[in-house]
Every structure is written in structure tokens, then in C-alpha cells.
Amino acid sequence: MPELPEVETVKLGLNQLVIGKKVASVNFNWSKSFPNAPEDVRQFLVGAQLLAVRRRAKVLIIELDSKYSLLIHLKMTGQLVFVGTQTRFGAGHPNDSLIGQLPDTSTRVTFTFTDGSFLYFNDQRKFGWVRLVPTAEIPNIDFFKKVGPEPLAADFTVAAFHQRLLRRPGSGIKAVLLDQTVIAGVGNIYADESLWAAKIHPITLVRSLSASQTKTLFIALRDVLELSIAKGDSSDKNYVDAQGKKGSYSSFAKVFRREGQPCERHPDTMIIKLRVAGRGTHICPQCQKVVI
DNA sequence: CACTTGACCTGTCCGC
DNA sequence: TGCGGACAGGTCAAGT
């Protein structure tokens with residue numbers, strides 16, 4: 001679902017919308033979506049002020065003034081949608097149309113702020129979660145200890161990319177791109193898009209990638225991620241940003257969900273869909289030849 | 001050990 | 001229409 005660009009877009013939106021707000025109450029209707037004990041919620045979340053929203057890999061980190069932070073993973077169908085009040089925003093504000101629309105059947109957690117505004121965590125499939133953890137302990141959480149580098153970090157180089165990939169030399173490149181311990185934040189859409197852009201077949205073994213293919217893939221991956229963020233996110237079905245708006249990246253996708261349509265580089269060749277690393281995978285069979 | 005598969009959930013879409 | 005099955009952007013645990 002939401003991958004790095006979507007989570008980044010939600011982060012940017014929340015930073016505009018919720019910083020400084022104070023939590024008045026929290027409701028949740030599915031305990032796996034928010035597994036913390038109610039007494040921790042009362043003690044460290046209710047009454048706390050939101051200081052900052054950060055992102056690491058696909059995880060959102062909302063820092064509170066209680067020395068605790070909320071960690072949020074949207075997984076496949078999660079959304080974080082802010083809804084203000086009519087009086088606060090006035091007619092014509094993008095959130096006006098959402099007033100009265102939420103909560104709905106997919107709402108798992110509702111945060112109510114002291115000014116009367118809301119933040120809803122919606123998640124149709126219930127895979128996502130919200131967790132309250134001591135801010136100082138975040139670096140000690142298993143996931144954060146194991147997760148790979150941020151692909152858009154200024155100090156992430158081709159050499160670093162190559163070195164990370166070589167942790168799994170005998171695996172297909174798509175499986176490795178999806179491995180969060182190798183590189184953070186890449187999911188199914190951007191794996192397919194970057195491999196198409198670099199003209200690499202997804203089952204190509206890492207060890208058989210040439211230096212120039214690795215460099216091309218590195219550039220392609222950063223380009224698709226940056227383009228998607230620039231388009232104000234991305235994707236598809238369930239994804240919406242912090243204001244409940246859908247993204248537009250799917251109209252820029254070259255292969256993802258475009259099976260049966262012509263490849264932009266080979267108008268006579270149709271994009272096909274296969275299964276690689278257990279995931280639906282889209283390629284141009286003309287650009288992306290199998291080379292093991 | 002390295003890699004693949006199944007489980008977690010609900011909704012939608014496709015074919016009969 | 002109704003029903004069964006496959007499938008959906010992620011990640012872990014369990015299996016081979």
C-alpha cells in the first residue's frame with residue numbers, strides 16, 4: 001500500500017495540519033490496530049501535545065511532549081486523515097467535504113484534539129497499526145535496528161546502494177528491492193517502475209547485475225520516488241493523503257497496473273503481468289529480458 | 001543459512 | 001443476481 005512517497009506525503013501534510021495540537025481523547029475499536037494498554041494511553045497520550053511528524057522507511061513517527069511517540073504503519077490500506085471544523089476553516093477548505101464523512105466502517109482509531117478537530121486512522125484490512133512507545137526507545141526497536149538506509153538520503157550513493165544489494169547476491173533483484181533490511185521504503189509499485197526504467201528483468205540475480213545496470217537502477221529508483229513525492233504522492237485505490245485527497249502518480253506509472261497496454265518505449269509490445277517474489281509484477285517483455 | 005510461503009483481514013472484481 | 005475464488009501497495013513467522 002502506501003510506500004515511501006505516500007508515507008512521506010502524509011508526513012508533509014500532517015506537519016501542516018496537526019503540529020501543536022493537544023490530544024483530548026482517543027477511541028479505538030480494534031485492539032490489534034492500537035495494542036497499547038489503556039492506562040498508557042491515558043498517561044502518555046491523552047493531554048499530550050504533538051511536536052513533530054517524521055518518517056523512517058514506511059513508518060510515521062509522531063513525537064509527543066510526553067517523552068512518548070506514536071508509531072504508525074499504514075500497511076496495505078491504512079489512511080491518516082485530518083478533519084478540521086467548519087468554523088476553523090470556513091467554506092471552501094478542502095476538508096469541509098470530509099466533515100460528517102468520518103468516522104466510517106474502516107475507522108480503527110479516532111484522535112480528538114482539544115480544538116475540536118480530528119485525526120482518523122482508517123484501515124479496511126486491519127493490517128496497519130498505531131503504537132505508543134517511549135521516544136528514547138525507538139532506536140532500540142527491532143525494525144529500526146534492521147531497516148536499511150533511506151534511498152533519498154543525500155549521503156546515499158551508488159556505491160552504498162550496490163553494497164546493500166550485495167547482502168543478497170543470490171536473490172532476484174525485485175525481491176531484494178522489496179527487502180526493507182536492504183533499502184527502506186520501496187514497495188511493489190516503485191520496484192516495478194524502477195526496474196522498467198532501468199530495463200532490468202525483476203528475476204535478474206543481484207550478482208549478475210553489471211556496474212552500469214546497478215547505477216542505472218539507482219538513478220531510476222530515486223527518480224521514481226522523487227517524482228511521486230513531487231506529484232503529491234501517488235497511488236491507487238485506498239491511498240489518500242492527510243487531507244483525504246487521492247494521488248495522481250498512477251497516471252505517471254509506466255508499467256504498474258498497465259498490463260495489456262503498450263510499452264512507452266515499444267508501442268508494439270504490451271505490458272504483461274507475472275508473479276515474482278510472490279507479488280504481482282509488471283514488465284515490458286521487450287525492454288526487460290531475462291538474464292540470469 | 002537463504003529463500004519462499006502462509007498468515008494476518010476485508011472488499012472488489014471476474015467468471016460461471 | 002448470486003457465489004466461489006483470486007487478488008490487493010506490507011511484513012512477520014514458519015516452512016523447505
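Labels below follow one simple rule: chain letters A, B, ... track the order of the sequence lines, proteins then strands, and each chain is numbered from 1. Computed from a prediction, not measured in an experiment: that's the story for all the values here. Hydrogens, waters and symmetry mates play no part in the numbers below; they use all other heavy atoms, side chains included.
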- [ ] For DNA chain B, find the residues of residues 139-153 of chain A with a heavy-atom distance under 4.0 Å and give them by number; none if there aren't any.
- [x] none
Does [X] make a side-chain N or O approach to OP1 or OP2 of [N] shorter than 4.0 Å?
X        : N      : result
A/Gln180 : C/dG10 : no
A/Lys32  : B/dC9  : yes
A/Lys75  : B/dT10 : no

Contact class for [X] (heavy atom, under 4.0 Å): base, sugar-phosphate, or nothing?
X        : value
A/Gly278 : nothing
A/Gly128 : nothing
A/Arg167 : nothing
A/Trp129 : nothing

Task: Distance, nearest 0.5 Å, that separates CD of A/Gln213 from OG1 of A/Thr204 - done: 6.5 Å
Task: Value in whole Å for how far the P atom of C/dA8 lies from CG of A/Asp123 - done: 18 Å
Open item on the list: Using the salt bridge (charged side-chain N to carboxylate O under 4.0 Å, His left out) definition, which of the options A/Arg168, A/Lys146, A/Arg164 pairs with A/Asp179?
Closed with: A/Arg168
Report, one line per pair, each donor and acceptor closer than 3.5 Å where one atom sits in a side chain of residues 43-69 of chain A; sequence neighbours left out.
residue, atom, partner, partner atom, Å
A/Gln49, NE2, A/Gly20, O, 3.0
A/Arg54, NH1, A/Glu63, OE1, 2.9
A/Arg55, NE, A/Glu8, OE1, 2.6
A/Arg55, NH1, A/Ala57, O, 2.9
A/Arg55, NH1, A/Glu150, OE1, 2.9
A/Arg55, NH2, A/Glu8, OE1, 3.4
A/Arg55, NH2, A/Glu150, OE1, 3.1
A/Arg56, NH1, A/Gly148, O, 3.1
A/Arg56, NH1, A/Glu150, OE2, 2.9
A/Arg56, NH2, A/Gly148, O, 2.9
A/Lys58, NZ, A/Val186, O, 3.3
A/Asp65, OD1, A/Gln49, N, 3.0
A/Ser66, OG, A/Phe44, O, 2.7
A/Ser66, OG, A/Tyr68, N, 3.4
A/Ser69, OG, A/Thr135, OG1, 2.7

Open item on the list: Determine whether a donor-acceptor pair (one donor, one acceptor, N or O, separation below 3.5 Å) exists between the side chain of A/Arg125 and the base of C/dA8.
Closed with: yes
Task: Nearest-angstrom distance, C1' atom, B/dC3 to C/dG9 - done: 22 Å
Open item on the list: Pairs counted only when both distances fall under 3.5 Å, Watson-Crick or G-U: show me the 5' to 3' dot-bracket for DNA chain B, [ ] for pseudoknotted crossings and | for other-strand partners.
Closed with: .|||||||.|||||||
